[in-house]
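Presented below is the structure to which this report refers.
Starting from 1, each residue takes its place in the sequence as its number.
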Amino acid sequence: MPACIEEFRMPRYREIPDVGLYLDQTVKYVNRYLAPLGCMEITSSMVSNYVKKGYISNPVKKQYDADQIAYLFFISVAKSVLSMDNIARLFEMQKKMYTAEIAYDFFCAELENMLQYTFGLKDFIDEVGTPEDRSETKTMLRSTIIAVTHIIYLSSRFETMKAPEDETEDAGRMALPGIG
């Protein structure tokens with residue numbers, strides 16, 4: 001997976017299609033970008049539930065715009081470590097301070113930054129943003145991303161440690177001392 005992580009890049013806000021995507025197109029778009037991370041797929045029913053519960057706004061003419069798609073990217077990543085209520089709180093905090101474009105692009109840069117560091121592809125964590133715009137919102141976002149990247153790292157490492165298919169049966173047994 002480190003090769004996938006080394007090349008991993010989220011689409012920036014201005015790169016998200018601005019023509020509007022239908023539900024199935026939106027799901028495929030989000031999942032295609034997150035596939036290298038190995039664990040964050042969304043489904044059409046999940047997206048419909050997020051709309052129903054008010055986490056993202058209703059699509060216009062059944063099409064999802066850049067803001068909604070950006071929120072779906074964040075939800076898809078953050079849901080492994082945060083409840084939907086806490087994701088919604090983080091959305092509300094960021095809306096008070098930043099545009100959707102600024103917040104989403106920061107999220108993308110921070111996710112890529114932390115993945116590179118967590119997987120040992122660089123020896124330092126870049127300071128994303130400027131020192132003047134530090135806020136509790138950004139600290140909470142970074143903490144969320146740190147937790148997510150550690151889960152991705154651990155999942156990746158455990159996946160590479162799996163025994164080959166022919167050894168699966170023996171790998172499932174536990175060797176106990178004194179029992180033959």
Kindly indicate, with the supporting measurements, whether the criterion side-chain contact (heavy atoms from CB on, under 4.5 Å) is fulfilled by K53 and M84.
-> CA-CA 10 Å; K53 293 185 178 194; M84 285 306 298; over 6 Å; no
Validation row: [X], [Y] side chains within 4.5 angstrom (heavy atoms):
X: K79; Y: I87; value: yes
X: Y29; Y: F73; value: yes
X: D105; Y: Y98; value: no

Ring geometry between F107 and Y104 (parallel below 30°, tilted from 30 to 60°, perpendicular above 60°) =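 Judged by the thresholds at 30° and 60°, the geometry between Y104 and F107 is tilted.
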With under 30° as parallel and over 60° as perpendicular, where do the rings of Y55 and Y50 fit, or are they tilted in between?
->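 Taking Y50 first and then Y55, their aromatic rings stand perpendicular (interplane angle over 60°).
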Nearest non-hydrogen partners of [X] and [Y], listed with the distance:
X: T160; Y: R157; result: OG1-O, 2.8 Å
X: R142; Y: E110; result: NE-OE2, 2.8 Å
X: Q94; Y: A103; result: OE1-CB, 2.7 Å
X: V77; Y: V148; result: O-CG2, 3.4 Å

F124 and Y117: aromatic ring centres closer than 6.0 Å?
-> no
Around atom [atom1] of [X], are there more than 12 heavy atoms from other residues, nucleotides or ligands closer than 6.0 Å?
X: E41; atom1: CD; answer: no
X: N49; atom1: CG; answer: yes
X: D123; atom1: CG; answer: no

Does a side chain donor of either S44 or Y22 reach within less than 3.5 Å of an acceptor in the other side chain?
-> no
Judged by modelled atom types alone, do D67 and S57 share a side-chain donor-acceptor pair under 3.5 Å?
-> no
Test side-chain contact (heavy atoms from CB on, under 4.5 Å) on L111 and T149 and set out the steps.
-> CA-CA 8 Å; L111 179 61; T149 58; 4.0 Å; yes
So among T118, N113, I146, which one has a side-chain contact (heavy atoms from CB on, under 4.5 Å) with I125?
-> N113
